[in-house]
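Only one structure is covered here, and it is reproduced in the block below.
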Number of protein chains: 2
Amino acid sequence: MGKRVRLVDVARAAGVSQGTASNAFGKPHLVRDELREKILAVASDLGYRGPHVMARMLRTGKAGALGVVFPDNLEYAFSDPVAIELLRGIGRECARQAVNMMIISAENQEQAVSAVNNAAVDAFLVHCYSDNNEIIAAIRRRNLPMVGIDTDIVGATATVVLDDYEGAATAARHLLECGARKFAILSLQADEQGQFGLMDARRRGSVSHRVVRERLAGYHAALRDGAIAVADIVHIECENLSENVRAQVVALMAEFPDIDGILAMSDVIAIGALEGLADIGCAVPGQVRVVGIDGVARGARTTPPLTSVAQNSVEKGRIAAELALAGEDVAEPVLLKTRLLVRGSSTDTTVS
Amino acid sequence: MGKRVRLVDVARAAGVSQGTASNAFGKPHLVRDELREKILAVASDLGYRGPHVMARMLRTGKAGALGVVFPDNLEYAFSDPVAIELLRGIGRECARQAVNMMIISAENQEQAVSAVNNAAVDAFLVHCYSDNNEIIAAIRRRNLPMVGIDTDIVGATATVVLDDYEGAATAARHLLECGARKFAILSLQADEQGQFGLMDARRRGSVSHRVVRERLAGYHAALRDGAIAVADIVHIECENLSENVRAQVVALMAEFPDIDGILAMSDVIAIGALEGLADIGCAVPGQVRVVGIDGVARGARTTPPLTSVAQNSVEKGRIAAELALAGEDVAEPVLLKTRLLVRGSSTDTTVS
DNA sequence: ATATTATGTTGAACCGATTCAAAAAAATGT
DNA sequence: ACATTTTTTTGAATCGGTTCAACATAATAT
């Protein structure tokens with residue numbers, strides 16, 4: 001049970017100063033070849049395992065890691081297809097910059113705060129929907145670069161968001177062109193708690209999640225331009241889980257059988273809607289037309305294939321990671337463009 | 001641009017020793033309430049951000065993080081459904097134990113070695129298929145607990161694997177019962193390089209990936225019991241990507257039109273096979289029966305739904321994380337059981 | 001041969017906490 | 001009032017490196 005061999009032990013054994021021994025490992029070009037090899041040989045003899053990671057971090061102040069936080073829901077990060085794409089993009093940029101990826105994990109708010117406080121990282125990436133959050137406050141206290149994804153966090157170094165307004169408007173315009181006149185909007189949850197079911201005007205007026213607010217505004221603007229009154233739209237707040245939406249849509253169609261256009265704020269929701277419509281034998285796109293947002297891979301395999309306003313989540317994650325690691329303030333949010341992906345759930349004509 | 005406020009500054013300003021100031025943060029019960037509140041107040045006034053993470057790590061030697069390494073293929077970790085389930089399980093256990101999850105990321109072998117060397121973690125989890133690897137050597141050098149998933153790593157603290165032999169045998173027995181007599185085995189890649197295409201007996205004899213070796217043995221044993229000669233089985237080595245397998249299967253059926261049973265070593269491969277069979281209008285399960293391994297969610301939605309030998313990858317990840325964080329040597333590999341999930345790709349009778 | 005520049009090495013300061021034996025203060029028992 | 005026990009507080013040692021100004025040596029220029 002000998003003690004760990006330290007750099008100073010190596011230096012002594014090799015008869016050099018500690019500074020030189022350090023350079024032999026960290027800045028090899030500063031040490032004469034012959035001497036460096038001797039030092040390395042001595043180190044190897046002594047069983048030195050190389051510089052102690054934590055000691056190096058303390059001295060240099062660099063952790064070599066990017067913190068990734070999903071405050072809303074942590075298990076969720078590994079089940080939602082969009083979150084996984086985000087992670088893939090983050091991972092890609094981390095690999096490029098030779099930085100590790102620290103996923104902050106916790107079971108509850110309190111634990112998350114201490115997880116944030118104990119994370120040895122150089123910057124934080126936060127994916128969430130709104131700001132009023134203990135965890136965000138803890139991150140802010142760390143005084144490290146912090147980049148928000150899909151949300152405006154007050155005091156963030158940078159923010160990366162989808163052009164949600166325009167994306168939603170595109171979806172709505174598309175359904176109008178396809179001939180839909182009676183719309184249902186299947187919203188993502190509007191705030192931390194979520195009140196699933198019919199969404200009245202008051203609730204729509206106090207949406208705290210940026211994504212939901214913007215998409216709602218985009219839908220409404222486009223529909224108004226198509227001479228649809230907002231009051232005639234049915235709004236439903238959904239959990240982002242296909243299974244739950246499926247049942248909600250069955251109920252929705254029972255109550256409002258004349259609905260012929262469904263605007264879903266995510267593909268997961270849209271897929272749930274397709275399943276629900278299939279359950280009640282409702283023809284898509286014959287009777288009801290459906291369009292989602294995200295453009296997830298699975299949408300290509302549903303029956304009918306899902307029309308969606310696609311985003312590039314991998315790239316979103318990558319850019320966010322890049323900005324976080326750069327650490328420089330970016331005043332304006334980075335706005336990512338969407339792309340309409342027309343498939344069978346909105347119109348028959350484009351059967352490939 | 002003042003310097004960072006340190007604990008010693010707080011201690012001085014509050015008129016207490018540094019030790020007491022430290023306790024006020026880390027071991028509150030050791031400090032008189034009144035005094036602790038005063039220290040915290042002074043700290044807050046001075047703008048102290050709380051104990052420096054890296055300094056604490058250096059002193060205590062605890063990183064509060066679990067390293068997760070995917071040496072074979074890093075982008076892959078976020079695209080393979082099984083790997084994601086594994087990550088979910090690891091995340092779950094990390095959350096339970098209030099430990100963060102450090103994903104080691106790198107673009108190449110060399111970078112990965114230094115990523116491993118720079119990771120401030122308390123233990124490593126390695127998911128890969130074989131041992132002869134620079135990265136594994138680097139991890140071993142760190143002298144931290146190391147748990148292998150799906151592979152035997154020499155010198156690992158513990159190993160968690162599927163009961164691959166029995167699982168494969170189950171799959172083969174099932175197809176025999178369904179009446180298949182002429183078999184193709186679609187193998188995962190056999191070693192680091194992978195030689196995709198027909199797999200001759202020599203190559204089958206020198207498989208370095210444990211998973212492949214075991215599953216092959218399991219298939220063969222069961223088929224031999226069913227009076228099928230190994231020489232009559234067609235072996236194909238596949239990349240674990242549905243798209244590639246799809247084309248391989250089209251070619252396979254052209255060359256061996258009498259094949260009526262396909263044993264796929266993963267569901268991703270099996271799904272590719274279903275697609276390829278659909279391309280050439282081959283009836284499943286009428287003409288060819290297919291069974292995969294893994295039991296991924298998507299298998300429930302293919303046409304026909306995929307029969308598979310299911311494993312619980314989430315639990316596999318969770319157990320591995322638990323063992324890594326415990327850090328105690330476990331001599332025998334932990335063997336996880338499989339469960340046959342009969343669906344439409346192997347037999348018509350069980351249409352639900 | 002001497003001045004100048006480039007290269008290699010040294011040694012002490014520093015990064016910022018936690019820990020623990022010992023001292024001080026407060027509480028309890030007789 | 002004194003001895004004993006318990007609770008608080010202290011202060012210095014320690015974790016294990018990296019950095020940088022200063023010094024020494026070697027190489028090149030004049």
Side-chain angles (χ1 to χ4, degrees), chain A residues 2-40 42-43 46-64 114 117-122 141-144, chain B residues 2-40 42-43 46-64 114 117-120 122 142-144:
Chain A
K3 295 181 56 157
R4 176 185 239 281
V5 180
R6 306 183 322 283
L7 185 60
V8 62
D9 303 320
V10 174
R12 274 194 201 119
V16 299
S17 77
Q18 190 176 162
T20 299
S22 174
N23 285 336
F25 288 94
K27 310 208 167 142
H29 59 280
L30 290 182
V31 180
R32 198 160 33 91
D33 289 10
E34 190 193 353
L35 185 57
R36 176 175 19 123
E37 273 158 33
K38 179 179 168 191
I39 295 172
L40 262 42
V42 170
L46 259 49
Y48 181 60
R49 291 187 211 292
H52 191 278
V53 181
M54 297 162 187
R56 188 223 302 279
M57 279 187 185
L58 172 59
R59 181 63 239 228
T60 63
K62 286 263 142 271
S114 83
N117 285 329
N118 292 331
V121 298
D122 298 316
R141 231 175 286 129
R142 288 287 307 263
N143 209 37
L144 292 170
Chain B
K3 295 180 55 158
R4 177 184 239 280
V5 180
R6 306 181 323 282
L7 186 59
V8 61
D9 303 321
V10 173
R12 275 194 200 119
V16 300
S17 78
Q18 191 175 164
T20 300
S22 175
N23 285 336
F25 288 93
K27 309 206 169 145
H29 59 280
L30 289 183
V31 179
R32 197 162 32 92
D33 289 9
E34 190 194 352
L35 185 57
R36 181 184 18 154
E37 273 158 33
K38 178 179 169 192
I39 295 173
L40 263 42
V42 169
L46 259 50
Y48 182 62
R49 292 186 212 292
H52 191 277
V53 180
M54 298 160 186
R56 188 223 304 278
M57 279 186 184
L58 171 59
R59 180 64 241 229
T60 63
K62 287 263 142 269
S114 83
N117 284 329
N118 292 329
D122 298 316
R142 289 288 307 263
N143 209 36
L144 292 170

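Since we're looking at a predicted model, the values are computed, not measured. Values below: every heavy atom of this structure, side chains too, minus hydrogens, waters and symmetry copies. Residue numbers begin at 1 in each chain, while the letters A, B, ... track the order of the sequences.
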Separation of [X] atom [atom1] from [N] atom [atom2], in whole Å?
| X | N | atom1 | atom2 | result |
| --- | --- | --- | --- | --- |
| B:Arg6 | C:dT18 | CZ | P | 14 Å |
| A:His52 | C:dC14 | NE2 | P | 23 Å |
| B:Asn118 | D:dG17 | CG | P | 13 Å |
| B:Asp9 | C:dC15 | CG | P | 10 Å |
| A:Arg12 | D:dG17 | CZ | C1' | 14 Å |
| B:Glu34 | D:dT9 | CD | C1' | 14 Å |
| B:Ile39 | D:dT8 | CD1 | P | 13 Å |
| A:Leu58 | C:dC14 | CG | C1' | 9 Å |

*asked:* Between B:Ala55 and A:Gly26, which residue's closest nucleotide on DNA chain D lies nearer the 5′ terminus?
replied: B:Ala55
*Hey, which of these two, A:Met54 or A:Lys27, hits DNA chain D nearer its 5' end, going by closest nucleotide?*
A:Met54
*asked:* Tell me if a side-chain donor or acceptor on B:Asp122 pairs with a main-chain N or O of B:Ala63 at a distance below 3.5 Å.
replied: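 Yes.
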*Residues in side-chain contact (heavy atoms from CB on, under 4.5 Å) with A:Val53, at least two apart?*
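side-chain contact (heavy atoms from CB on, under 4.5 Å) list for A:Val53, sorted by chain: A:Met57, B:Ala120, B:Arg142.
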_Tell me every residue that passes side-chain contact (heavy atoms from CB on, under 4.5 Å) with B:Ser17, counting only those two or more places apart in sequence or in another chain._
B:Thr20
*Can you tell which of C:dA17, C:dC15, C:dT18 lies closest to the side chain of B:Tyr48?*
C:dA17
*Looking only at side-chain atoms of B:Arg59, point me to the closest of C:dG16, D:dT18, D:dG16.*
C:dG16
Using nucleotides 9-11 of chain C, report all nitrogen or oxygen pairs with the protein that are shorter than 3.5 Å.
| from | atom 1 | to | atom 2 | distance (Å) |
| --- | --- | --- | --- | --- |
| C:dT9 | OP1 | A:Arg32 | NE | 3.0 |
| C:dT9 | OP1 | A:Arg32 | NH2 | 2.6 |
| C:dT9 | OP2 | A:Arg32 | N | 3.1 |
| C:dT10 | OP2 | A:Ser17 | N | 3.0 |
| C:dT10 | OP2 | A:Ser17 | OG | 3.4 |
| C:dT10 | OP2 | A:Thr20 | OG1 | 2.9 |

Which heavy atom of [X] sits nearest a heavy atom of [Y], and at what distance?
| X | Y | value |
| --- | --- | --- |
| B:Leu7 | B:Ala21 | CD1-CB, 3.7 Å |
| B:Ala24 | B:Arg36 | O-CD, 3.8 Å |
| B:Asp9 | B:Leu46 | O-CD2, 3.9 Å |
| A:Val42 | A:Ala13 | CG1-CB, 3.6 Å |

*Heavy atoms under 4.0 Å, any strand shown: does B:Phe25 hit a base, just sugar-phosphate, or nothing?*
nothing
*Please state whether the phosphate of C:dA17, meaning OP1 or OP2, lies under 4.0 angstrom from any side-chain nitrogen or oxygen of B:Ser22.*
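No, no such contact exists.
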*Within the structure, does a side-chain N or O atom of A:Arg56 lie under 4.0 Å from either OP1 or OP2 of D:dT18?*
yes
